[in-house]
Amino acid sequence: MSINDTYQPINCDDYDNLELACQHHLLLQLTLRSGESLKAEAADLFLRKKVEYLAYKYHGEQREVRLDAIESFSHPEIGTITITQN
């Protein structure tokens with residue numbers, strides 16, 4: 001996904017689940033639309049230039065990903081959630 005692609009907001013319920021994961025710093029299994037899969041600690045959600053991002057910790061390093069680049073995420077407490085876009 002290119003930084004120039006028009007941002008597609010995600011479903012509010014999916015956003016709420018990511019927000020919960022950030023509040024509890026849950027270790028999520030993230031699957032990105034690019035096909036990449038990783039385990040990362042959810043840290044924060046933020047908005048930059050009308051695009052929403054998830055900040056996460058991966059191997060001790062702070063990273064970020066656009067929410068519309070996430071295909072799904074899972075954790076034993078919340079199950080597996082496939083992201084839907086509005």
Side-chain angles (χ1 to χ4, degrees):
M1 175 171 293
S2 167
I3 195 164
N4 295 325
D5 289 344
T6 302
Y7 178 70
Q8 298 296 316
I10 67 170
N11 177 290
C12 291
D13 291 335
D14 298 340
Y15 185 95
D16 290 346
N17 282 310
L18 279 172
E19 191 170 45
L20 177 68
C22 290
Q23 289 172 350
H24 296 282
H25 301 281
L26 297 180
L27 184 62
L28 299 177
Q29 177 67 44
L30 293 171
T31 303
L32 306 182
R33 296 191 187 281
S34 67
E36 182 181 0
S37 183
L38 57 120
K39 284 190 177 185
E41 179 186 327
D44 195 15
L45 294 172
F46 65 94
L47 183 69
R48 182 189 309 129
K49 296 183 181 179
K50 300 181 183 180
V51 176
E52 297 169 307
Y53 291 86
L54 168 67
Y56 62 92
K57 293 180 184 174
Y58 182 69
H59 295 292
E61 183 179 310
Q62 186 85 12
R63 295 186 182 185
E64 60 191 50
V65 63
R66 282 172 49 151
L67 298 189
D68 62 348
I70 302 171
E71 183 174 305
S72 65
F73 61 95
S74 63
H75 183 274
E77 291 181 27
I78 57 176
T80 298
I81 297 171
T82 301
I83 298 284
T84 54
Q85 297 174 341
N86 289 334

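Reckoned from all heavy atoms, side chains included, excluding hydrogens, waters and symmetry mates.
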Please check this pair: side chain of Asp68 against backbone of Gln8, looking for a donor-acceptor N/O pair closer than 3.5 Å.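 At least one qualifying donor-acceptor pair exists.
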
Backbone N/O of Leu26 and side chain of His24: donor-acceptor pair under 3.5 Å: no

Might you work through the side chain to side chain contact (heavy atoms under 4.5 Å, CB included) test for Ile70 and Thr31, ending with a clear yes or no? CA-CA 6 Å; Ile70 302 171; Thr31 303; over 6 Å; no

Sequence-distant partners of Glu61, side chain to side chain donor-acceptor pair (under 3.5 Å), two or more places apart: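 Expected list: Arg63.
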
Any residue meeting side chain to side chain donor-acceptor pair (under 3.5 Å) with Gln29, in chain and number order, not counting sequence neighbours: Ser37

So which heavy atom on Arg33 is nearest to which on Ile83, and how close? NH2-O, 3.5 Å

Which pairs of donor and acceptor atoms, one on a side chain in residues 12-20, lie under 3.5 Å apart (sequence neighbours left out)?
{"unit_1": "Asp14", "atom_1": "OD2", "unit_2": "Thr84", "atom_2": "N", "d": "2.9"}
{"unit_1": "Asp14", "atom_1": "OD2", "unit_2": "Thr84", "atom_2": "OG1", "d": "3.3"}
{"unit_1": "Asn17", "atom_1": "ND2", "unit_2": "Asp13", "atom_2": "O", "d": "3.1"}

Starting from Phe46, can I reach Leu67 by hopping between I/L/V/M/F/W/Y residues whose side chains sit under 4.5 Å apart?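 Yes, one cluster joins them.
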
Just to verify, what does Thr80 make a side chain to side chain contact (heavy atoms under 4.5 Å, CB included) with, not counting sequence neighbours? Ser74

Salt bridge (charged side-chain N to carboxylate O under 4.0 Å, His left out): which pairs involve residues 45-56, sequence neighbours left out? Arg48-Glu64

Minimum side-chain heavy-atom gap Phe73-Leu54 below 4.5 Å: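 The answer is no, as the side chains (C-beta and beyond) never meet within the 4.5 Å cut-off.
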
Distance in Å, [X] [atom1] paired with [Y] [atom2], rounded so as to fall on 0.5 Å steps:
X: His25; Y: Asp44; atom1: NE2; atom2: CG; value: 8.5 Å
X: Glu71; Y: Glu36; atom1: CD; atom2: CD; value: 12.5 Å
X: Tyr53; Y: Leu45; atom1: OH; atom2: CG; value: 13.0 Å

Could you list the residues that satisfy ring-ring contact (aromatic ring centres under 6.0 Å, His included) with Tyr58, not counting sequence neighbours? none

